[in-house]
Amino acid sequence: MANVKIPDSVLVGPEGTKLKAWGSSKELSAVGKPRPKIGAQEKVTGSAIYAYDVQLPRMLYAAVLSSDRAHARIAALDTRKAEALPGVRAVLTYKNIEPVKWEQEGNILRDTVGYVGEPVAAVAAETEEIAYDAIHLIAVKYDPLPSVIEPLDAMKPGAPQLQKAGNVWQGKPVIYKRGDVEKGLKEADIVYEQTYTTSVQHHTTMELHGCVVQWDRDGLTVWDSAQGVNQVRDQLASRFNLPVNKVRVICKYVGGGFGSKNSAKHYHGLAALLSKRTGRPVKLFNTREDEFPVSRHRPKTIQTLKAGVKKDGTLVALYHKAIGQCGPYLDGAALGARATGDGTKSLYLCPNLMTEAYSVHTNTPLLAPTRGPGDTENLFALEQFIDELAEKVGINPLEFRKKNYAEVDQPHDNHHYSSKGLDRCYDMAAKAFGWGQKAKASAPHKKRGIGMSSLIWHGNRTEKSQAGVIIQPDGTAEVVAGIASLGVGAETIFTQIAAEELGMKMESVGIRWGDSSSTPYTINTSSGSRTTAIAGPAVRAAAADARHKLLKAAARLLGIKPTEIATLSIKDGVISTGDQSKKISVAEVARKQGRELIIGTGHRPPNPEDMAIEIFGAQFVEVEVDEQIGEVKVLRAVTAIDCGRWINPLLAESQIQGGFIQGMGMALSEERIMDSRNGIQLNANLHEYGMPTSLDVPDTNLALDPEVIDASNNINAKGLGEPPLVGAGAAIANAIYNATDIRVRDYPITPNRIVQALKERSSGTRQG
Amino acid sequence: MKSFQLIDARSPQEAASLLNKYKGKAQPLAGGGDLLYLMKDRIEGRQIQMPDVLVNLESIPKLDSISYEKGKGLKLGAMALVSDVEANKTIRERFPILAQAAAEVASPQLRNMGTVGGNLCQKPRCWYYRNAHLPCLKKGGSTCYALEGDNRYYHAILEGGPCYIVHPSDLAPALIALNSQVALVGPKQSRTIPLESFFVNTKQNLYQENVLKPDEIVQEVSVPEPKEGSRGFYLKSRIRKSWDFALASAAVQMEIAGGVCRDCRIVLGGVAPLPYRAKDAETALKGKKINEQVALKVAEEALKAAQPMSMNAYKVDLAKTLLKRAVLQAGKV
Ligand SMILES: Cc1cc2nc3c(=O)[nH]c(=O)nc-3n(C[C@H](O)[C@H](O)[C@H](O)COP(=O)(O)OP(=O)(O)OC[C@H]3O[C@@H](n4cnc5c(N)ncnc54)[C@H](O)[C@@H]3O)c2cc1C
């Protein structure tokens, strides 16, 4: 987008200088280029070291016994047999664990359990096998307490009350209002209401959740599988009452997080206490079965949408009620009330709007952010509903969306957006997809369909971030950043940002990260698609500081007055005056600096105050459905995302492709299946919890860059990790409807649901 | 996983003798894809014990062979790999239904591990049975959790009760449709029986899905040479394109001449505690010219006794569609 005015406040440079506003990526040399991901080769060849790989001398192995009851008091607990097993070094239960306030509910291990999978005891032993044998020797007698599993049951009178405020989190729904919905509905020509449900989605990370912990005189050292080194460090320091400089969290590579590895969880605490008690390092990783409750999950939701529309397709009123399921505790409960989010409030122009969100306590595992939390549940429902509305008024779904396009951010004082390229996303994705044409199916019993969805994901609020850039004596640069590499490539992007600012080749810029004790506070944890937009600007500021210092040193060497360093520029590692009369290489300056390294530091300037920041996009899907056996094959997906500048198109594409596939999993096959009588998850394994396989993914999974330059920060980026999942489900559901005339409003759209719907339709008990 | 003793057997008879020696405490180990999974998950109960001894069948020479003799048919050693069955050229050409079924099993990695014997003797996939916390009927408890619980995928619509498992094997329906025999070896005696009568439903035996004695092993499955003009087809429905058990499957093997079905065998998978031979459907097909209407009638006959559970009525329609299509496919000349 041409002529974007980047506010001076985000372009603050060192010593009163101003950073250059970057133009189109075509004009840049490192940013916007497809640099392959740092560490990719190490991962593929197996040499990358994960927390799971860490082996320390005298290390013990831990195993956790978790509850098989949804709600119970522990009446008796006998650990004698486990303790007597040769090789067992420690057994922790609520009886002997030292008091640590872990969550709102109190200590890590307590004498009650509130969901199946809650930890009851932990063992440390000489081998993993002994540890697991030992937990099976612990005898627990439970006194059952009344439990409730389904959120709708929990809302009924007479249900066992799990919190003081009742089963609705905080005792009341979260409500948002503008205008007057009742009035709007009266003005409408058509009023339509529909209910949708989404299922629990798990993170299902390839690397299990766990850590290796050593607690000794030097303090606590944790080799973790985490999304950030700082947040885990801060939480462990505060909960164990240790000075921050006595806690060190190391995490270079992570085998997947998706929101589940942001914070210090009970396994960190148990491993630490076992290490403290035994005086030996302890490795604690969950079993795959325990992963499901331990990683936590996306809530299941029941959502009702009601709208009033004019004949010409103008949206005049929108009401959205969502019920989300959360666990019995306050921890994570807020995530159950987020399905009525930015999608409903911001995506379409609508003067009369009300949302009402209930997070409901049940005896089920707790919630954690799950890639695109809230907005995903929101748009899976809303964007099906929008298609249904478009059909009611007889307008093409894409036209309907354009007709109700919102230029300003309605829930936030109608602020203008720092950028909004949704219209461009619609147009370019529709064109690349060939929207409107439907191809013939490959067999007589199959049907083709096309569908689309918009997507939105909230941008980032102002946060502090700090980074460093060191120019080493040989003239290479090293970014220093306090992040863990979640696998999305933030570290790679940082080297590009630094290379761009420094005028150096990407290959001469490296990065050090993944250790809380040797890096600045760049980010607490990589969540919310924030790392690029929060930390990237700090990296640029640090590189600018290093550049400034380099130029000062070069000026000295070239005999240029310090006041005239603005005449110097750096390109491909060579510093020169504008007329090229004087030049010197960065390497030469660095060599002359010797041990007095040039160290640039920088922090992130605040966001401009009067701008709303949101990420937008459009997703188009073609499916082929064999409705009689309920089989859906996604043939093609085209996604365009306005996440601001694509710093690295190669990584952006893989985020979009992976995100779409994860959304497709939630739409078609992933679902926690839980017995609603006893709260036991029935498919807590990777085989029955249906993540898509390589045969399920579409052959074409295209990612498009609308080339938006965002005005909210100095690198013009907004964030991309989560958005690509958000619209996938509705686009697929809309395409299935387009193919079959069957609307399945419950995700995932599995064969049983399609075949059942088909049967109901042919027997006349179902319409649409 | 509970620790165990592993003993290499040198011959089928020795394997059977070892099973006899450690009676009640030993189990044969083939690819381990199912057995070790159950042991890791500690699936046990009053009526199923985790073994202390595993008798390794992999050490028995030639038990993994696949051989074919024209006119006589095919012999599959119990330790033949599912992936070898899938890839075998003769099987692809002469017993395509078997190659199709093998290709539908699990995932490539699991097919590389799983054996014919293990596939036929694998335990059911009921998620209550496979949950270590629940003492279900089949493990010796008193409740069938599936009856009033979640029975949407891997539970019976035919011949269910008192336990509602379905037989999980993809190979079994195809092999029964091919009229295979299975050779069983005990410490002293051997016997050969039709594969169809190898399997039993949960009314006949709640705790075991077949007639193997505790000290018997499957040695070999033999498949007779199909008659001239015999054609077969296997179709399976599942949630994902790979790595899922059958929601339902249909195996049809028939002899056709001039577009008319002379003889046929029809077996459904994933719908009953055992591979379900649909004899009424066979009667409806025999002597008929294959067309859409006949295929539909065959499907109706096959499912006419269906008694779906609370969440799996869709499987009736699903199985019908699969069977109808398999009949039409097999009948296509
Ligand atoms: C995730 C997953 C998905 C799967 N999906 C499918 C599928 O879609 N379709 C399908 O058909 N199968 C499927 N399977 C089963 C798999 O293909 C194997 O067939 C199965 O694991 C058993 O084969 P095995 O050789 O590993 O047997 P083992 O695990 O070694 O043994 C299984 C059982 O058979 C007994 N046994 C083995 N050999 C003999 C013998 N010769 N005589 C007597 N008893 C014997 C063992 O004692 C044990 O009780 C799946 C398995 C898994 C783990």
Side-chain angles (χ1 to χ4, degrees), chain A residues 66-69 116-117 128-130 132-133 135-136 287-289 443 445 626-633 665 668-671 673-697 748-760 762, chain B residues 1-3 33 37 40-42 44 50 106-108 110 125-135 143 145-146 148-154 235-250 292 299 308 311-325 328:
Chain A
S66 46
S67 153
D68 59 2
R69 301 305 156 100
V116 174
E128 201 176 328
E129 291 73 19
I130 297 173
Y132 279 102
D133 280 345
I135 61 168
H136 287 275
T287 62
R288 186 50 79 177
E289 186 186 355
H445 53 269
D626 184 337
E627 58 185 353
Q628 287 168 2
I629 60 167
E631 193 180 276
V632 177
K633 171 77 189 169
L668 294 178
S669 55
E670 290 183 43
E671 169 178 27
I673 297 177
M674 178 174 273
D675 192 302
S676 55
R677 298 165 298 180
N678 50 32
I680 290 180
Q681 180 173 357
L682 300 171
N683 62 346
N685 57 67
L686 283 188
H687 161 232
E688 283 164 306
Y689 177 82
M691 290 163 79
T693 71
S694 58
L695 293 183
D696 296 291
V697 305
I749 306 173
T750 38
N752 51 328
R753 295 198 163 112
I754 296 175
V755 173
Q756 186 65 31
L758 186 68
K759 188 189 175 80
E760 286 165 12
S762 32
Chain B
M1 183 195 268
K2 194 183 130 202
S3 52
Y37 193 129
K40 281 185 189 162
D41 285 353
R42 295 181 192 245
E44 56 187 335
M50 272 194 287
S107 64
L110 287 159
R125 286 281 155 179
C126 169
W127 43 34
Y128 293 101
Y129 173 74
R130 290 204 177 233
N131 190 297
H133 305 309
L134 298 173
T143 319
Y145 292 88
E148 284 170 9
D150 198 310
N151 45 43
R152 73 181 79 177
Y153 293 147
Y154 308 116
L235 273 179
K236 167 177 174 177
S237 151
R238 52 159 113 73
I239 300 161
R240 297 175 294 186
K241 309 282 173 295
S242 174
W243 201 22
D244 276 334
F245 284 94
L247 297 171
S249 71
E292 182 83 34
M311 294 173 80
N312 67 9
Y314 75 96
K315 279 181 47 159
V316 178
D317 298 273
L318 191 59
K320 278 186 199 167
T321 304
L322 293 173
L323 179 52
K324 187 187 101 182
R325 289 183 185 176
L328 291 173

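Numbered from 1 within each chain, the chains take letters A, B, ... in sequence-line order.
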Kindly say whether Met691(A) contributes a backbone atom to a donor-acceptor pair with the side chain of Arg240(B) at under 3.5 angstrom?
-> yes
Q: Could you tell me whether a side-chain N or O of Asp696(A) sits under 3.5 Å from a main-chain N or O of Lys241(B), the two making a donor and an acceptor?
A: yes
If I measure from the heavy atoms of chain A, does [X] come under 4.5 Å with its side chain, its backbone, both, or neither?
X	value
Thr321(B)	side chain
Arg238(B)	backbone
Leu247(B)	side chain
Tyr37(B)	side chain

Residue among [options] with most heavy-atom pairs under 4.5 Å to chain B:
options	value
Asn752(A), Asp68(A), Thr693(A), Asp675(A)	Asn752(A)
Asp626(A), Asn685(A), Leu668(A)	Asp626(A)
Gln628(A), Gln756(A), Met674(A)	Gln628(A)
Leu695(A), Ile673(A), Val755(A)	Ile673(A)

Pairing of [X] and [Y] as salt bridge, 4.0 angstrom limit:
X	Y	answer
Arg677(A)	Asp150(B)	no
Arg288(A)	Asp41(B)	no
Asp317(B)	Lys759(A)	yes

Hits for side chain to side chain donor-acceptor pair (under 3.5 Å) against Asn678(A), two or more places apart or cross-chain, chain-then-number order -> none
* Step by step, would you call Tyr153(B) with Thr750(A) a side chain to side chain contact (heavy atoms under 4.5 Å, CB included)? -> CA-CA 10 Å; Tyr153(B) 293 147; Thr750(A) 38; 3.5 Å; yes
Item checked: Lys633(A) atom NZ, neighbour heavy-atom count above 12 within 6.0 Å -> yes
Check: In this structure, are over 12 heavy atoms from other groups packed under 6.0 Å from Glu148(B) atom CD?
Finding: no
Answer key: most heavy-atom pairs under 4.5 Å with chain A among Ser242(B), Ser3(B), Ser107(B), Ala313(B) is Ser242(B)
Report which part of [X] has an atom under 4.5 Å of a heavy atom belonging to chain B: side chain, backbone, both, or neither.
X	result
Glu631(A)	side chain
Val116(A)	neither
Arg69(A)	neither
Leu686(A)	both
Ile680(A)	side chain
Glu289(A)	side chain

| request: Name the orientation class of the two ring planes belonging to Trp243(B) and His687(A) (parallel below 30°, tilted from 30 to 60°, perpendicular beyond 60°). | output: tilted
Interatomic distance, OH@Tyr132(A) vs NZ@Lys40(B), rounded to 0.5 Å, equals 12.0 Å
Value for CG (Leu318(B)) from CG (Leu758(A)), rounded to nearest 0.5 Å, stands at 11.0 Å
Residues passing the ring pair (Phe, Tyr, Trp, His ring centres under 6.0 Å) test with Tyr145(B), sequence neighbours excluded, are Tyr128(B)
Within the 4.5 Å heavy-atom criterion, are Tyr314(B) and Arg753(A) side-chain neighbours or not? no
Report yes if the side chains of Met1(B) and Glu129(A) come closer than 4.5 Å at any heavy-atom pair, otherwise no. no
**OP:** Could you please spell out the steps behind the side chain to side chain contact (heavy atoms under 4.5 Å, CB included) verdict for Leu322(B) and Ile629(A)?
**Re:** CA-CA 8 Å; Leu322(B) 293 173; Ile629(A) 60 167; 3.9 Å; yes
ask   = Do Glu688(A) and Tyr154(B) pass the side chain to side chain contact (heavy atoms under 4.5 Å, CB included) test, and can you show the C-alpha distance, the side-chain angles, and the key distance before you say yes or no?
value = CA-CA 11 Å; Glu688(A) 283 164 306; Tyr154(B) 308 116; 4.1 Å; yes
Verdict with supporting geometry, Glu671(A) and Arg152(B), salt bridge (charged side-chain N to carboxylate O under 4.0 Å, His left out): CA-CA 13 Å; Glu671(A) 169 178 27; Arg152(B) 73 181 79 177; 3.1 Å; yes
